[in-house]
Number of protein chains: 2
Amino acid sequence: MIPDTHVDAETALDHSPAGHKDDLRLWLRMLSCARLIEAEIRRRLRARFDTTLPRFDFLAQLERAAEGLTPGEISRRMMVTGGNVTGLAARLEEEGLIERRAVREDRRAVTLRLTPQGRREFARQTAAHEEWVAELLGGLSATDRAALLRLLDRTRRGVRAAMSEGGA
Amino acid sequence: MIPDTHVDAETALDHSPAGHKDDLRLWLRMLSCARLIEAEIRRRLRARFDTTLPRFDFLAQLERAAEGLTPGEISRRMMVTGGNVTGLAARLEEEGLIERRAVREDRRAVTLRLTPQGRREFARQTAAHEEWVAELLGGLSATDRAALLRLLDRTRRGVRAAMSEGGA
DNA sequence: AGAAGATAGTTTAGGCTTCAAGTTTTCAAG
DNA sequence: CTTGAAAACTTGAAGCCTAAACTATCTTCT
């Protein structure tokens, strides 16, 4: 395997106050771990379904909304900008996986929903996706999985707290 | 805060064999956690230094190599394609942060190294970067940090093992 | 030496992403 | 009603990223 940026980086930069270095180490390790998995999933989505992670995420949002969603709502849920949604929607519509429908009570808005073909396609993709993840994470014991889940949740809450303090 | 895709997704999709759902849950949580931190760091790099994470990573590679690196070496270390390095290098050179130098013994190759300005600029950026990470992760106890570090390492090893088995 | 194959780097086409600016429609006051 | 602000969405420019094709150089084998 190719040496990893962030692993290597863990052994650099040590002209720092107190526990700063440990935090950096932790962050770089989390990042490298997440990127490793994400890159593999992207590769497989491309290889087996000729699609991408953003497209997959987009369909996943629609799958869970029987009535369809507006671009604005998708933008909020996926945490991406509106312009991004416009582009993704255009390509997915072009491929016949989603369809646009005018909203009666607001002529600015539109709802996007899965076509039957889109629903079928997503079902295939999500089944494979779930197996891939299980395959990649299968090495962890149930105990480790549970501990990791809890620690990540704690981390996420801490980060959000720090962001809402400092970001004010 | 805006509801998070992957948090929501944790409560969906449950037509699955054995522990698959737990793995998916774990993966989505890790992803959302990493993305949350990464997005904040990108925002700050842009706001305070008018730069990006890929540029920062690129300079970090060069900082640790006194003799400079070839594009190919950077490509391997950053785990990105060669074409990507070409583009990043062009912009960083344009900005005066790095310089190209011909390699005497191989006329195909070139080495990239930091300019004095690049070195100064990176020093400023990396100091801030380290503080940001410490600020964001500061909420975790030393115990949690250590446990997380260990679990992530175990996870990464498991993933690599799974990839070299299945990917053969 | 000369051909074949490998390696270093660039280029090109296309998708993803953001930010900023623009259009259309709605809503809220006056 | 009409005017002005806000909201929904799109567009355009620029950077990031990949895969594939391409150029130039090096290496190896005969």
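So that the names make sense, note that chain A is the first sequence line, chain B the second, and so on, each numbered from 1.
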Which of residues 86-108 of chain B sit near DNA chain C, with a heavy atom under 4.0 Å from it?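 Here the set is T86(B), R100(B), R108(B).
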For residues 144-152 of chain A, please give each side-chain donor-acceptor pair under 3.5 Å, one per line with the distance, not counting sequence neighbours.
residue: D144(A); atom: OD1; partner: R154(B); partner atom: NH1; Å: 3.1
residue: D144(A); atom: OD2; partner: R154(B); partner atom: NH1; Å: 2.7
residue: R145(A); atom: NH1; partner: D23(B); partner atom: OD1; Å: 3.0

Length of the line joining [X]:[atom1] and [N]:[atom2], which is rounded to integer Å:
| X | N | atom1 | atom2 | value |
| --- | --- | --- | --- | --- |
| D50(A) | dG14(C) | CG | C1' | 12 Å |
| F58(A) | dT17(C) | CZ | P | 11 Å |
| M79(A) | dT18(C) | CE | C1' | 15 Å |
| E73(A) | dC9(D) | CD | C1' | 14 Å |
| R46(B) | dC19(C) | CZ | C1' | 8 Å |
| R55(A) | dG14(C) | CZ | P | 13 Å |
| R43(A) | dC17(D) | CZ | C1' | 14 Å |
| R42(A) | dT18(D) | CZ | C1' | 11 Å |

Kindly write out the residues that satisfy side chain to side chain donor-acceptor pair (under 3.5 Å) with E93(A), not counting sequence neighbours, or none if the list is empty.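 Not a single residue meets the side chain to side chain donor-acceptor pair (under 3.5 Å) criterion with E93(A).
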Could you tell me whether G72(A) contacts a base, only the sugar-phosphate backbone, or nothing, with contacts defined as non-hydrogen atoms closer than 4.0 Å? sugar-phosphate
Using a cut-off of 4.0 Å on non-hydrogen atoms, how would the nucleic acid contact of V85(B) be classed: base, sugar-phosphate, or nothing? nothing
Is the distance from OP1 or OP2 of dT18(D) to the nearest side-chain N or O of N84(B) less than 4.0 Å?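 Affirmative; the distance criterion is met.
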Is it the case that the side chains of E121(A) and Q117(A) hold a donor-acceptor pair, with the cut-off being a distance below 3.5 Å and no angle test? no
State whether R77(B) and E73(B) are salt-bridged, where the test is any N-O pair (Lys NZ or Arg NE/NH1/NH2 against Asp/Glu carboxylate O) under 4.0 Å.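 Yes, R77(B) and E73(B) are salt-bridged.
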Strictly below 4.0 Å, N to O, side chains only: are E95(B) and R91(B) in salt-bridge contact? no
Gap between atom OG1 of T155(B) and atom CE of M30(B) - 0.5 Å precision: 5.0 Å
Decide yes or no for R156(B) and L36(A): does some side-chain heavy atom of the first lie under 4.5 Å from some side-chain heavy atom of the second? yes
